[in-house]
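Remarks on the structure that follows.
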Amino acid sequence: MSPHDRYYITTAIAYANNRPGLHTLYEVVGADVLARWHRMKGDRTRFLTGIDEHSVNIAQRAAELGTTPKAFVDENVALFKTAEDALLISPDRFIRTTDPDHIRAAQEMVRRAYANGDIYVGDYEGWYCPAEGFKAPSDVLETAQGTRCPNHPTVALQWLSEHNWFLRLSAYQERLEKHFEEHPEFVQPDFRRNEMLGFIRGGLEDFSISRSGASWGIPFPIMPDGSSAQLPDGSWNPAAGTIYVWYDALINYVTGAGFPDDKEAFELWWPADLHVIGKDIARFHTIYWPAMLWSAGLEAPRRVWVHGWLLAQGERMSKSMGNFLDPVDVVRTLGGDGARYVMLREVAFDRDTDVSWDSFVRRYNADLANDFGNLLNRTISMANRYFDGERPAVGPAAGLAAAWTETLARYIERLEGCLFHDALATLWEFVGAANRLVDAEQPWALAKASKAGDQDATRRLKAVLGDLVEACRLVSLAAAPFIPGAAPRALAQLGYEYGYAADGNGGPALLDDLRWGARAEQAGRLATAEPLFPRIETEAATPAAG
RNA sequence: GGCGGAGUAGCUCAGUGGUAGAGCAGGGGACUCAUAAGCCCUUGGUCACAGGUUCAAAUCCUGUCUCCGCUACCA
């Protein structure tokens with residue numbers, strides 16, 4: 001793979017109706033790792049995440065709470081930002097769909113679709129809840145009293161039809177099929193691509209992109225006769241309605257790249273290198289979205305990664321089920337680094353995975369406290385003791401150098417392939433090799449022999465500990481995107497400078513520094529060993545509340 | 001119903017024709033640099049079930065059972 005000059009990565013924007021659960025932030029952590037990885041490699045990187053704020057539901061919820069939609073989403077945005085900070089998420093922009101430039105972007109995308117002849121006024125029919133709005137067929141209940149809205153079971157649903165704008169998705173079927181065939185990497189994992197391709201081949205229907213009832217949304221910029229919906233005073237004619245769902249939410253990806261105002265930025269960042277999304281919205285991102293972009297004369301994103309769910313005892317974690325983990329609780333116990341590591345090591349990024357508080361704590365203790373943390377600690381302690389704080393130079397002692405070359409190649413392949421759990425497993429196999437080296441060489445025995453005047457033992461001791469220090473340096477650096485808070489502390493204990501900023505920007509090109517012996521010429525002094533990942537006693541490791 | 005995926009040790013999973021594997025959890029041991037960590041050894045499986053092909057099947061074929069994903073307008 002040739003190095004990118006720039007890397008633009010996004011997550012789905014979460015629905016701003018509540019505080020975020022860990023399962024919501026899971027994909028954001030995954031994307032953050034890739035963003036940091038590319039920043040550290042030296043790529044010009046842009047990482048976009050944010051919040052979806054419009055919808056009838058939001059307006060309804062705000063009304064129930066006696067507040068305005070804007071005030072309501074402001075509160076939830078604050079909760080998201082707090083949780084993302086705790087998880088060390090480093091977006092270059094946290095986008096909100098109420099941002100003025102996003103509103104302009106969505107309206108411009110609609111205008112372009114219109115200019116291209118891709119949207120038309122048609123009839124949208126469906127169940128309408130007087131208390132809430134239109135309901136999808138899958139969202140209504142059949143009861144003895146008739147069809148009812150699950151949120152308002154006492155109110156009779158009405159079958160309504162209204163004039164709405166539609167996008168001619170049907171016109172893009174052939175182009176979509178061709179795109180999927182010519183770019184097999186467009187949708188990953190492969191089984192998701194096959195599902196989407198099957199859907200396309202089944203025939204595509206146009207979908208509606210406006211609503212006439214809702215007011216909490218982006219004003220639709222065009223009147224049914226094709227004239228502008230903007231009034232002389234600059235406001236928008238309510239009769240034009242609002243933009244519905246996908247022509248609002250999906251647009252955030254181009255807004256975040258500078259569309260439509262900042263042409264220079266947009267030229268640089270679009271098309272996105274990767275959209276990270278959940279499997280529930282795969283169709284919208286891999287079928288609707290390319291068609292919307294093409295209609296506007298823009299390119300489709302290069303790659304869409306579809307991840308699975310976090311499960312609790314086989315059930316999807318969700319706010320409505322109440323079976324989710326609070327990210328703030330997890331961070332309080334495991335730390336931001338621990339929470340990130342455990343989440344991405346324990347959950348496969350390509351499929352659903354059952355998780356639990358116990359599994360998180362077990363993984364933290366086994367991998368971070370016992371394997372890696374203890375390796376750092378014992379290495380630094382011994383080196384300090386035997387060499388009086390002077391860092392032993394990497395020596396041609398053991399087999400770790402060759403193992404590292406293999407480890408790194410596999411690690412990069414899996415990391416860039418979004419298989420984070422496999423990437424970490426690869427790295428931790430190397431941690432195991434380093435721990436086994438300690439027991440095989442028994443530096444404490446070498447030190448004793450050295451003290452007794454054995455020159456061979458002296459040389460051997462330096463070489464072994466030099467290699468162990470180097471192994472610690474490399475693992476700390478390679479894992480830095482996963483544990484961005486702990487990595488600088490690990491390197492500081494090893495007596496190395498950490499040249500990267502808090503978000504991973506700046507510093508040396510990471511791949512150069514990840515070569516075995518890259519810093520061999522640099523002398524340094526070790527700091528006192530301090531446990532980076534204190535072991536968690538299971539009694540203390542109980543979530544505050546369900 | 002159609003298409004696709006999965007059923008392997010207590011848990012999570014790897015293993016696409018040649019004597020059943022890993023990590024974690026459980027048990028034992030030797031050591032002591034270390035966060036009572038690490039290291040070594042070990043208990044544990046009729047590889048969903050029934051047939052078939054083959055010298056040989058977790059692996060290929062047929063059938064059955066179970067679970068999951070997709071099968072259009074939720075943010």
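So you know, we letter chains A, B, ... as the sequences are listed, proteins then strands, and number each from 1. FYI, side chains are in, hydrogens and waters are out, and symmetry mates aren't considered; it's all heavy atoms of this structure.
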Point to revise | Centroid-centroid under 6.0 Å between A:Tyr26 and A:Phe349 rings | key: yes
Identify all pairs in which a protein N or O lies below 3.5 Å from an N or O of nucleotides 25-27 of chain B, and state each distance.
none

Practice item. State whether A:Arg535 places a side-chain N or O below 4.0 Å from either non-bridging phosphate oxygen (OP1 or OP2) of B:rA34. Key: no
Practice item. Rounded to whole angstrom, note down the C1' distance from B:rC47 over to B:rC60. Key: 16 Å
Check your understanding: Can you find an N or O donor on one side and an acceptor on the other, under 3.5 Å apart, linking the side chain of A:Asn374 with the base of B:rG38?
Key -> no
Review point. So, does the side chain of A:Ser381 form a donor-acceptor pair with the base of B:rC33 at under 3.5 Å?
Key: no
Practice item. Of all the heavy-atom pairs spanning A:Pro290 and A:Phe186, show the shortest one and how long it is. Key: CG-CZ, 3.7 Å
Practice item. May I ask you to check if A:Arg283 and A:Phe199 form a cation-pi contact, with NZ or CZ under 6.0 angstrom from the six-membered ring centre and within 45° of the axis? Key: yes
Review point. Does atom CD of A:Glu185 have more than 12 heavy-atom neighbours from other groups under 6.0 Å away?
Key: yes
Donor-acceptor list for residues 121-129 of chain A side chains, cut-off 3.5 Å, not counting sequence neighbours:
{"residue": "A:Asp123", "atom": "OD1", "partner": "A:His163", "partner atom": "ND1", "Å": "2.9"}

Check your understanding: What is the nucleic acid contact for A:Ser55, judged by heavy atoms within less than 4.0 Å: base, sugar-phosphate only, or nothing?
Key -> sugar-phosphate
Review point. Are the ring of A:Phe207 and the six-membered base ring of B:rC73 within the stacking cut-offs of under 5.5 Å and under 30°?
Key: no
Would you list the protein and nucleotides 3-8 of chain B atom pairs, both N or O, that sit under 3.5 Å from each other?
none

